[in-house]
Structures are given as structure tokens and as C-alpha cells.
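We use all heavy atoms of the structure for the numbers below, so side chains are in, but hydrogens, waters and symmetry mates are not. Note that ligands are numbered from 1 as they come in the structure, with each ligand's atoms numbered from 1 the same way. Since the structure is predicted, the reported quantities are computational estimates derived from the model, not experimental observations.
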Amino acid sequence: NQLQGVLNRLLDLRVERKDTILALGGGVVGDLAGFAAAILHRGVNFVQVPTTLLAQVDSSIGGKTAINAAQGKNLIGAFYQPKMVLSDVATLDSLPTRELRAGYGEVVKYGLIDDFPFFEWLEEHGSDVLSRNRAALCHAIAVSCRSKAAIVARDEREGGDRALLNLGHTFAHALEAESGYDGRLLHGEAVAIGLHMAFALSSELGLCPRQETDRLQRHLISTGLPATVDQIELKTLSPEIVMHHMRQDKKVT
Ligand SMILES: NC(=O)c1ccc[n+]([C@@H]2O[C@H](COP(=O)([O-])OP(=O)(O)OC[C@H]3O[C@@H](n4cnc5c(N)ncnc54)[C@H](O)[C@@H]3O)[C@@H](O)[C@H]2O)c1
Ligand SMILES: [Zn+2]
């Protein structure tokens with residue numbers, strides 16, 4: 001319905017292919033505006049101006065756009081690259097602390113993918129990022145963007161390396177699905193727990209030293225992010241339910 005509304009408005013405004021749609025807002029606005037730009041006249045120019053930490057470090061980069069269907073999240077979408085992404089950290093001044101912290105969950109992911117020095121930097125300066133120190137925020141956002149852009153440049157359509165960006169997300173999506181997207185659990189909070197679950201599973205399987213899993217947990221907890229499912233209100237959760245949601249995950253196909 002929202003997509004239909006946006007498309008109607010753009011058509012009423014007689015937007016043409018050479019015009020530019022600017023998405024000013026968080027990931028929800030970026031995903032919706034990006035998909036509308038992708039399908040209107042088979043593609044009009046599109047610029048992302050992300051205003052949440054999550055959108056600045058993740059959703060505005062990489063060209064994935066999507067809307068939700070009754071059957072599930074992000075099931076309808078397109079790969080459509082913006083002409084430009086313009087991130088201004090000053091926009092984060094008004095972002096609620098919980099949203100900022102959730103975005104930080106994705107920042108931690110970049111430290112875990114292939115950048116141990118960045119993870120060490122976060123251990124030292126994560127509190128500066130979360131207290132909105134401009135220099136610390138700029139550094140965290142720049143490193144995260146470079147990391148995502150490099151991975152997407154190697155594998156735009158997620159045939160290989162781009163899957164690295166899904167670290168922790170299979171668990172995270174299962175938790176989000178069980179919460180019914182009712183606001184109890186933000187995406188970045190689910191990612192924080194998902195990252196820890198992925199590490200804990202790796203430790204169980206003997207693939208990752210237990211100390212590293214504990215170190216990640218300490219860092220997440222020090223920032224106020226949840227690291228385990230006992231820290232959130234999801235009373236219906238069980239291993240069977242998690243497995244059920246995982247089988248529904250669109251990454252399975
Ligand atoms: N396309 C991708 O690659 C990709 C990647 C990750 C996530 N996503 C999507 O992004 C969405 C989450 O994005 P999000 O975390 O930005 O959430 P969001 O867009 O819902 O924004 C979070 C909240 O912050 C408010 N807000 C935004 N900017 C603000 C500001 N500067 N000051 C005050 N309030 C502000 C919004 O109105 C909203 O209430 C999810 O739907 C997810 O599926 C997409
Ligand atoms: Zn994510």
C-alpha cells in the first residue's frame with residue numbers, strides 16, 4: 001500500500017527518468033524509495049541520504065531495495081544502485097539512543113567479518129561512538145562503509161562474498177520473525193544476539209576458541225546491546241521455533 005501511494009504521488013508529479021528521487025530517512029525509507037525508483041519508468045535516478053546509523057553503515061550502500069509482503073519481510077525487491085550516498089553524521093544528533101545502539105550492532109559485524117584491528121578499535125572507542133563523539137562516529141561509519149562497499153564490489157548479486165554480510169543474520173531474522181516485528185526487538189539488536197549465537201555455535205563445533213565468543217559477548221554487553229536471548233522478552237522462543245523460522249528464511253533459497 002505504501003509503495004502504491006508513493007508511486008501514485010510520483011506519477012502525479014510527472015516524475016521522469018532524468019529526475020532524481022532522494023531518500024531522506026532510515027533504512028525503511030531508503031528501501032521503499034529505492035524500490036520505487038527502480039520500477040518507476042524502469043528506473044529513475046536515485047540518491048540515498050541516510051539518517052540512522054544503521055542506514056549510514058549498511059542499508060544505504062550496496063543497492064538492495066525491498067518492500068515487505070504479507071508472506072514475509074523483504075520478499076519483493078530489486079538490486080538498484082543509488083547515484084550517490086550522502087551521509088551527514090549531524091543527522092544522528094536527533095536519533096533516539098536505542099536506534100543508535102541498534103545501528104552499532106551492524107558496525108560490530110564489520111569488525112568481525114575481516115577486520116580485527118577495527119574490532120579492537122571498537123573495544124576501545126565504542127563508548128565514544130555511542131556518546132555521539134563526531135570523530136569516533138565518522139571513523140566507525142567510514143570503516144563500515146568501505147568494508148561493505150568492497151564486499152559488494154566483489155559480489156554485487158550475493159553469489160559469494162556478499163554472504164559475509166549476513167554474519168549473524170540467520171539467527172537474527174529468526175528472532176525478528178518470532179517477535180513479529182512489533183518493536184520489541186530492533187533489527188540491530190537482533191543482529192547483536194545473532195552474532196553472538198553464530199560465535200557460540202562455532203565454539204560448540206570447535207571452530208572458534210571460546211575466549212573469542214566471550215570477548216564478543218563482553219563487548220556487546222558493555223555497549224548496552226543484548227548478547228543473548230535471555231536478555232529479551234521472547235517467551236515463545238525454543239530451538240524448534242528458531243529452526244522453523246530459519247527454514248522460512250529467504251536466504252535458504
Ligand atoms: N537494503 C539493505 O541492504 C538493508 C540492510 C539492512 C537493513 N535494511 C532495512 O532497513 C530497515 C531498518 O532501518 P533503520 O534501522 O534505519 O530503521 P528505520 O528506517 O525504521 O528508522 C528507525 C526510526 O528512526 C527514525 N529516524 C530516522 N532518522 C532519524 C533521525 N535522524 N532522527 C530521529 N529519528 C530518526 C525513523 O522515523 C524510525 O522511527 C529494515 O526495514 C531493514 O530491513 C535494509
Ligand atoms: Zn542487518
Chemist: Starting from atom 20 (O) of ligand 1, find the nearest protein heavy-atom neighbour and note its residue, name and distance.
Modeler: V28 CG2, 3.4 Å

Chemist: Does CD in E156 sit with more than 12 non-hydrogen atoms of other residues, nucleotides or ligands closer than 6.0 Å?
Modeler: yes

Chemist: Less than 4.0 Å from atom 7 (C) of ligand 1, is there any heavy atom belonging to the protein?
Modeler: yes

Chemist: Check whether any side-chain heavy atom of F35 sits under 4.5 Å from a side-chain heavy atom of Y80, and report yes or no.
Modeler: no

Chemist: In the protein, what heavy atom is nearest to atom 31 (N) of ligand 1, and what distance, to one decimal place, separates them?
Modeler: T91 O, 2.8 Å

Chemist: Go through ligand 1 atom by atom and flag the ones less than 4.0 Å from a non-hydrogen atom of K148.
Modeler: 3 (O)

Chemist: To the closest 0.5 Å, what do you measure between CG (D88) and SG (C138)?
Modeler: 8.5 Å

Chemist: Where the closest heavy atom to atom 42 (C) of ligand 1 is concerned, which of K73, H187, R98 has it?
Modeler: K73

Chemist: What distance do R215 atom CZ and L220 atom CG have between them, rounded to the nearest 0.5 Å?
Modeler: 12.5 Å

Chemist: Return yes when atom CZ of R98 has more than 12 non-hydrogen atoms of other residues, nucleotides or ligands closer than 6.0 Å, and no otherwise.
Modeler: yes

Chemist: For atom 1 (N) of ligand 1, is the nearest protein heavy atom under 4.0 Å away?
Modeler: yes

Chemist: If you have a sec, read the angle at the Zn ion (ligand 2) from E106 atom OE2 over to H187 atom NE2, to 10 degrees.
Modeler: 90°

Chemist: Numbering the atoms of ligand 1 from 1, which are under 4.0 Å from a heavy atom of D58?
Modeler: 5 (C), 6 (C)

Chemist: Out of curiosity, H187 NE2 to L175 CG, how far, rounded to the nearest 0.5 Å?
Modeler: 11.5 Å

Chemist: Could you tell me the residue and atom name of the protein heavy atom closest to atom 12 (C) of ligand 1, and the distance to it rounded to 0.1 Å?
Modeler: L54 CD2, 3.8 Å

Chemist: Ring centroid separation for H219 and F119, is it under 6.0 angstrom?
Modeler: yes

Chemist: May I ask whether L13 and I21 are part of the same hydrophobic cluster, defined by side-chain heavy atoms of I, L, V, M, F, W, Y residues being less than 4.5 angstrom apart, directly or through others?
Modeler: yes

Chemist: For ligand 1, which atoms have a heavy atom of D31 less than 4.0 angstrom away?
Modeler: 1 (N), 2 (C), 8 (N), 9 (C), 44 (C)

Chemist: Does CG in D214 sit with more than 12 non-hydrogen atoms of other residues, nucleotides or ligands closer than 6.0 Å?
Modeler: yes

Chemist: Return the residue, atom name and 0.1 Å-rounded distance of the protein heavy atom closest to atom 27 (C) of ligand 1.
Modeler: T52 CG2, 3.3 Å

Chemist: Any idea which protein heavy atom is nearest atom 33 (C) of ligand 1, and the distance to it?
Modeler: S94 O, 3.2 Å

Chemist: Indicate, as side chain, backbone, both or neither, the part of N74 found under 4.0 angstrom from ligand 1 when only non-hydrogen atoms are considered.
Modeler: side chain

Chemist: If we count only non-hydrogen protein atoms and require a distance under 4.0 Å, does atom 35 (C) of ligand 1 qualify as touching the protein?
Modeler: yes

Chemist: Based purely on interatomic distance, does T65 place a nitrogen or oxygen under 3.5 Å from a nitrogen or oxygen of ligand 1?
Modeler: no

Chemist: In terms of residue, atom name and distance, what is the protein heavy atom nearest to atom 38 (C) of ligand 1?
Modeler: E99 OE2, 4.8 Å

Chemist: Quick one, Y104 and V57 - any side-chain contact, counting heavy atoms below 4.5 Å?
Modeler: no

Chemist: Less than 4.5 Å apart, side chain to side chain, heavy atoms only: is that true for L122 and V107?
Modeler: yes

Chemist: In the protein, what heavy atom is nearest to atom 28 (N) of ligand 1, and what distance, to one decimal place, separates them?
Modeler: T51 OG1, 2.7 Å

Chemist: Among protein heavy atoms, which sits nearest to atom 14 (P) of ligand 1, and what does the distance come to when rounded to 0.1 Å?
Modeler: G27 N, 3.5 Å

